[in-house]
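Read through the structure below, which is laid out as structure tokens, and then see the notes.
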Amino acid sequence: MKESQPSAIYLKDYKVPPFLIDKTELTFDLDEATTIVTSRLHMRRNPAFGKSTAPLVLDGGEDVKLIGVAMDDYALPPEEYRISEDKLIITATADEFVLTCETLIEPQNNTRLEGLYRSSSMFCTQCEAEGFRHITYYLDRPDVMSVFTTTIIADESRYPVMLSNGNEVERGKTDEGKTVVVWHDPFPKPAYLFALVAGDLAVKNDVFTTQSKRDIKLQIFTESHNIDKVDYAMEALKRSMRWDEETYGREYDLDIFMIVAVDDFNMGAMENKGLNIFNSSCLLASPETTTDDTYLRVEAIVAHEYFHNWSGNRVTCRDWFQLSLKEGFTVFRDQTFSADMHSETVKRVEDVSFLKTAQFAEDAGPMAHPVRPASFIEISNFYTLTVYEKGSEIVRMIHTLLGAEKFRAGSDLYFDRHDGQAVTCDDFVAAMQEASGFDLSQFKRWYSQAGTPIVTVTDSFDEATGTYRLAMKQDTPATPGQPTKLPLHIPVRVGLLDEQGTVVSSEVNGVVAEDHVLHLTSSEQEFEFSGLTSKPVPSLLRGFSAPVKLRYDYSSKDLLLLLSSDSDGFNRWSASQQLAVNELTTLINQAIEGKELSIDSQLANGFKGLLADKTLDPAMVALILALPSQAYLSELANPICPAAIKQARQYLKAQLANALSADFERVYREHKIQGEYQATAKDIAHRSIKNIALSYWVETNSELAQQEVVTQFQAANNMTDQFSALSIAVNSQHKQAEELLSAFYEQWKAQPLVVNKWLMLSASQDQENALETVQGLMEHPAFDLKNPNKVRSVLGGFGQSVAGFHNADGSGYRFLADQIIVLNKRNPQIASRLCTPLTRWKKMQPELSAKMKAELERILAEDLSKDVYEVISKSLA
Ligand code: B3K
Ligand code: ZN
């Protein structure tokens, strides 16, 4: 452990920057051994800071070597500046000056993948949040916005493509014959949006004509062997550009928009101004190598990064505590876009299912934090499901409260008022409130209060008056640093069904409708519905109108009625989940008590009706058929007994499979599609129901089903069907599973993105020797510790192996901790993310919990990066 541990910074300490940088001129002399960066910063004291003689303090990194610094071309002697930790401090400055810094960096040795680094044979950058300081000394904070001009000097034979933000304005040669390219970005931006790419890349060109009839040049760059896999991303980009014009009135601003795919990338993609950089796993797509899920993911991420051009770039964040200002809003925008492109209900179910599994778990764990955190040690740890997904739910609730038209008026006001500024979540809410006249003052607590609220609902019916009453209570559990909570403004969308399942109208506060948005604002509140003839079954929290845990004592009969008849598609899914959770909870308890598992499943009746109903969207049926995941059941459990959960899921799946075996076989056959692969909602739906039907059918141990798995694996003309067959074989412990896994690797070993899927599936196998398997994978030629995708595949896959990761002897936890310790030094961001499963130790069954805790303590004793230190120390607090 270090002598002194890193300390937190606080939102309440925010101060405007003492200096501004109006213009930033950068020159990169790129070379294999060393890269020289020269910056000329046109700086002045910030009038908003007040009169001051404060020294100039620039952010840097231990990997940046200062060669020289000059003020207005006067080279500063060593006594006129100093370097303290990672800062460059210059005591005496004029009120306005040009600061020149020459620094040396070694991108080829940058394993953190922050700042300028090498991926394959190219140079690329990642500057959000604080990567720019690993390139040169700067005021690396989002409220310092500057106009950038970037000069790149490199050997053209190795780096024929040299890109930066904005427009290319000049091209020439140095005396030594190197190529010089100059880029200028007219839009002021914070350093986190800076980007540079240089490499030998192939390009796909296209054009988009904006609503005001400007032609925008679109370019996607990849290494040459991947350029045949960018057509889908290009089409998705054009759809996104059109959608943002139509839905938000936002047009693209520069004359060129570029995307580059790189293999080594810490996350999905990055919205650098005019030059998005993508993890190749989130950009490349072809039917043979890419599954339906990934197609949809590529479309969503292309859209997300493009939408940031307004929600993030033109209007950016004042400080990193406001991260959700751009991320929550942009996730909401990309979710709505995907819903518009495909099916609204399917998209909502997928998003909510993810939120309830992963964000709810985060909100209940040691890293729980508000959507706008009040403090952090390392901002990279706050690119979380809370900031992104719960942040999006907050924006969605504003949309629900205001209605579509007023929401649009609010977003217009927000963009117009704050264009070119770095602002706060309060500014966003203020624009929404002002444009709509809707009071959002209590609602704003959603930004500052962590934890998932629990809404408990009871009801009563007065036959004499035909009045139905819902009594609601809200309660948000304590979270670290927030022992008590205030009531939130929670929009609860409600419909009422009669005994036949027909939605009935009712009157609430003088409004007659089939669907009401109730405003739950107090800890306890009652709502009255009049005009009813019999006690209804309530369809509560329709469309998941708020990110809360709903408690209402539904009978199985009520749930079956909602499942078969609710006019709100989301709540049909929700009813099926509740029914499954109820049955699985009974089975999990039997498993924990060591009893023989047995259940008279009601779910089978519900499923039977769905499988026979040809009017339903097959994608929705597929979602309903998917049993709650191991991860979601773990989120609900306390304590978590992984083996019991797994046993219960397997048992229920087999019961359902046997009860409905003929239905699953029929559905499997009915939904086979002929012809060429298309990533359309319709075809995706057929494939999803077909493959889930096969996964049930095979559980009956039918020889025919087993053979069908192998046939589909061999005959598939697309990765969705081939990989589904392989996963079904592995998960059902098919006798040919090993053989198919080997065949798959042999077939695809030249395609790294497919190999990543193979690594993940191989690492997740639930077998006695799972640890040995995963250790073998880390020695496999296909593995590379430098590549975050491969690390995530192997270690993420291993986390899903109950027998491996949760092995009773603690060996799985020890193995993960060993990897975290190694990666802590190489790539702190990735190391920190890998800690998540261990941070849930307090909820685990006691024997496992103690073993997890011991590993956390072992990690804490190491010399840790800020990233890993923050997560581990908070988990043990
Ligand atoms: N803004 C980036 C995320 C950067 C993460 C830095 N650790 C991608 C996105 O959300 O669009
Ligand atoms: Zn984003």
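Quantities reported herein were computed from a predicted structural model and do not represent experimental measurements. Order of listing sets the numbers, starting from 1, for every ligand and every atom in it.
The two residues I227 and I220 make their nearest non-hydrogen contact at CD1-O, 3.7 Å.
Counting heavy atoms from C-beta outward, L385 and L355 have side chains that stay 4.5 Å or more apart. Side-chain atoms of Q219 and I256, non-hydrogen and from C-beta on, do get closer than 4.5 Å to each other. No side-chain heavy atom of P788 sits under 4.5 Å from any side-chain heavy atom of F265.
In terms of polar-atom proximity, Q126 is not counted as a contact of ligand 1, lacking any N or O under 3.5 Å from an N or O of the ligand. Checked by distance only, ligand 1 and E327 come closer than 3.5 Å through their nitrogen or oxygen atoms. Residue Y388 has at least one nitrogen or oxygen atom sitting less than 3.5 Å from a nitrogen or oxygen atom of ligand 1, judged on distance alone.
Residue-ligand proximity, H308 to ligand 1, at heavy-atom distances under 4.0 Å covers atoms 9 (C), 10 (O), 11 (O). Within the listing of ligand 1, atoms 1 (N), 2 (C) sit less than 4.0 angstrom from a heavy atom of M270. Heavy-atom contacts of E271 reach the following atoms of ligand 1: 1 (N), 2 (C), 8 (C), 9 (C), 11 (O) (cutoff under 4.0 Å). Set against the non-hydrogen atoms of K326, the atoms of ligand 1 under 4.0 Å away are 1 (N).
The pair K874-E870 counts as a salt bridge, with a side-chain nitrogen and a carboxylate oxygen less than 4.0 angstrom apart. By the 4.0 Å N-to-carboxylate-O rule, R348 lies close enough to E393 to be salt-bridged with it.
Between the NE2 atom of H304 and the OE1 atom of E327, the angle centred on the Zn ion (ligand 2) amounts to 110° when rounded to 10°.
The protein heavy-atom contact nearest to atom 8 (C) of ligand 1 is A269 O, 2.9 Å. Counting protein heavy atoms only, atom 6 (C) of ligand 1 is closest to E128 O, 3.2 Å.
No cation-pi contact links R297 to Y295, judged by a cut-off of 6.0 Å to the six-membered ring centre and 45° from its axis. Remark: R118 is positioned above the aromatic ring of F123, its terminal NZ or CZ atom under 6.0 angstrom from the ring centre and at most 45 degrees off the axis.
The shortest separation from a heavy atom of E114 to ligand 1 is not under 4.0 Å, leaving the residue out of contact.
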